[in-house]
Amino acid sequence: MSSWKVRYSYLPQQFGNPDPILDELRRFVPTGDFTLGKPLAQFEQSFAKLIGGKHAIGVNSGTDALKLPLRAVGVWHGDEVITAANTFIATVGAIAELGARPVFVDVDDTFCMDVRQVEAKITPRTKAILPVHLTGTMTDMAALMPIAQKYDLPVVEDACQSILTAVDGKRAGLWGAAAGYSLHPLKNLNVWGDSGIIVTNHDDMDHKLRLLRNHGLRTRDEVEMLGYNSRMDSIQAIVGNWLIGQAEAITHKRIANAKYYDDGLRGVRGIRFPVRSPRLQQVYHLYIVFAERRDELYKFLHAEGVEAKIHYPIPLYAQEGLRQFGYRLGDFPVTDRHAREIISFPADQHLTVEQMDYVVDRVKAFYARG
Ligand SMILES: *Cc1c(COP(=O)(O)O)cnc(C)c1O
């Protein structure tokens with residue numbers, strides 16, 4: 001076990017008693033129903049119901065949960081897809097795997113794309129817009145959708161960090177043509193490996209996505225279109241079926257924890273909060289604040305046993321592996337500032353009040369030292 005007083009990963013607790021899942025697996029394995037079987041159909045139904053969408057399609061990762069909808073709306077080699085400059089690499093991976101180019105828009109202090117900058121980025125090659133609902137908050141979809149409609153551009157939402165996020169009661173993932181979610185072990189609703197799921201309200205999209213994830217096979221013998229091998233495994237669906245009933249409770253606990261931190265840190269000189277809005281239900285996949293002398297605070301907290309993190313220390317657009325797209329450090333000033341100022345505290349559903357008190361106390365101690 002680690003020596004952290006406040007550890008970041010809660011997976012040992014999340015799956016601390018795996019017996020109900022293992023019992024189910026023991027019953028399931030002799031059925032041989034390993035791909036596209038009953039457990040997956042059940043999980044898809046439950047997930048669609050959870051989000052409030054018409055269809056859900058299980059795929060093999062959050063990355064593919066973005067790539068397949070982009071492919072379904074026609075994104076292909078040489079096209080441009082507008083997305084946020086600050087996101088996890090998987091967003092860009094999904095675009096690049098199709099041979100398309102990510103066209104970045106800077107973010108604002110919500111951590112999502114600054115929608116006011118989108119229109120200027122649209123060119124004749126633009127094929128889709130991929131807003132990223134980073135950290136568990138949400139892009140200003142009410143402002144983005146009219147722009148997309150004006151230029152007749154499909155919108156695919158990256159909701160990988162935002163299961164159950166909503167604004168004015170309308171969920172993230174229900175605004176565009178489709179939305180991708182990740183079930184990776186580090187996400188709010190997590191399984192025992194890689195999986196992703198797509199939600200869409202559109203029947204034609206659902207039809208295409210079911211083909212795309214299974215080699216384009218219409219029947220065992222007929223290929224309707226070229227597709228991928230991107231099925232969510234029955235075994236992961238069984239884990240998902242066990243967990244999904246807890247999704248609302250997990251979400252509410254994370255929201256309560258974030259409020260507890262906000263209350264504890266409010267007024268601490270050196271700490272500034274990102275945008276909070278009473279209209280928005282943020283689900284705090286990441287609990288992030290802006291911190292003065294961030295690197296010093298980070299080191300101090302680690303020395304004090306608090307496993308703080310930085311999501312993400314290097315702006316994605318400026319990463320070495322993305323050099324081919326021609327962006328340079330300095331192109332997106334808000335993203336750059338975030339990389340210098342952000343710090344994430346553990347805020348998961350398994351934390352104790354004592355642990356959160358300790359984090360707040362140590363942050364206060366750091367700034368009191370001057
Ligand atoms: C996790 C994540 C993804 C998808 O990641 P997978 O590891 O493929 O499930 C995509 N976008 C964002 C913003 C993510 O955080």
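For this chain, numbers begin at 1 and follow the sequence in order. Note that ligands are numbered from 1 as they come in the structure, with each ligand's atoms numbered from 1 the same way. Predicted, not measured: the structure shown is a model, and the values here were computed from it.
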Which atoms of ligand 1 are found less than 4.0 Å from any heavy atom of [X]?
X	answer
Ala90	3 (C), 4 (C), 5 (O), 10 (C)
Thr87	13 (C)
Thr91	11 (N), 13 (C)
Lys187	1 (C), 2 (C), 3 (C), 14 (C), 15 (O)

| message | In the structure I gave you, are the side-chain heavy atoms of Tyr287 and Asn257 within less than 4.5 Å of one another anywhere? | response | no

Enumerate, atom names and distances included, each donor-acceptor pair closer than 3.5 Å involving a side-chain atom of residues 238-248, sequence neighbours excluded.
| unit_1 | atom_1 | unit_2 | atom_2 | d |
| --- | --- | --- | --- | --- |
| Asn241 | OD1 | Phe43 | N | 3.3 |
| Asn241 | ND2 | Pro39 | O | 3.1 |
| Asn241 | ND2 | Ala237 | O | 3.2 |

Electrostatic pair [X]:[Y] at N-O distance under 4.0 angstrom:
X	Y	answer
Asp348	Arg7	yes
Asp331	Arg328	no
Asp109	Arg272	yes

Using a 3.5 Å cut-off on N or O atoms only, is [X] in polar contact with ligand 1?
X	value
Tyr312	no
Gly62	yes
Thr63	yes
Asp194	no

| query | Any salt bridge (Lys or Arg N to Asp or Glu O under 4.0 Å) pairs touching residues 286-298, not counting sequence neighbours? | reply |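 Only Arg293-Glu296 qualify under salt bridge (Lys or Arg N to Asp or Glu O under 4.0 Å).
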
Please report which non-hydrogen protein atom sits nearest to [atom], along with the residue it belongs to and the distance in Å to one decimal place.
atom	answer
atom 12 (C) of ligand 1	Asp158 OD2, 3.5 Å
atom 7 (O) of ligand 1	His184 CD2, 4.0 Å
atom 9 (O) of ligand 1	Ser182 OG, 2.6 Å

| Between Thr219 and Asp221, do the side chains contain an N or O donor and an N or O acceptor separated by less than 3.5 Å? |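 Thr219 vs Asp221: no donor-acceptor pair found between side chains.
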
| query | Should one rank His285, Lys67, Gln161, His311 by closest heavy-atom distance to atom 15 (O) of ligand 1, which comes out on top? | reply | Gln161

| Do side-chain atoms of His302 reach the backbone of Ala308 as a donor and acceptor pair under 3.5 angstrom? |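 Side chain of His302 to backbone of Ala308: a pair is present.
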
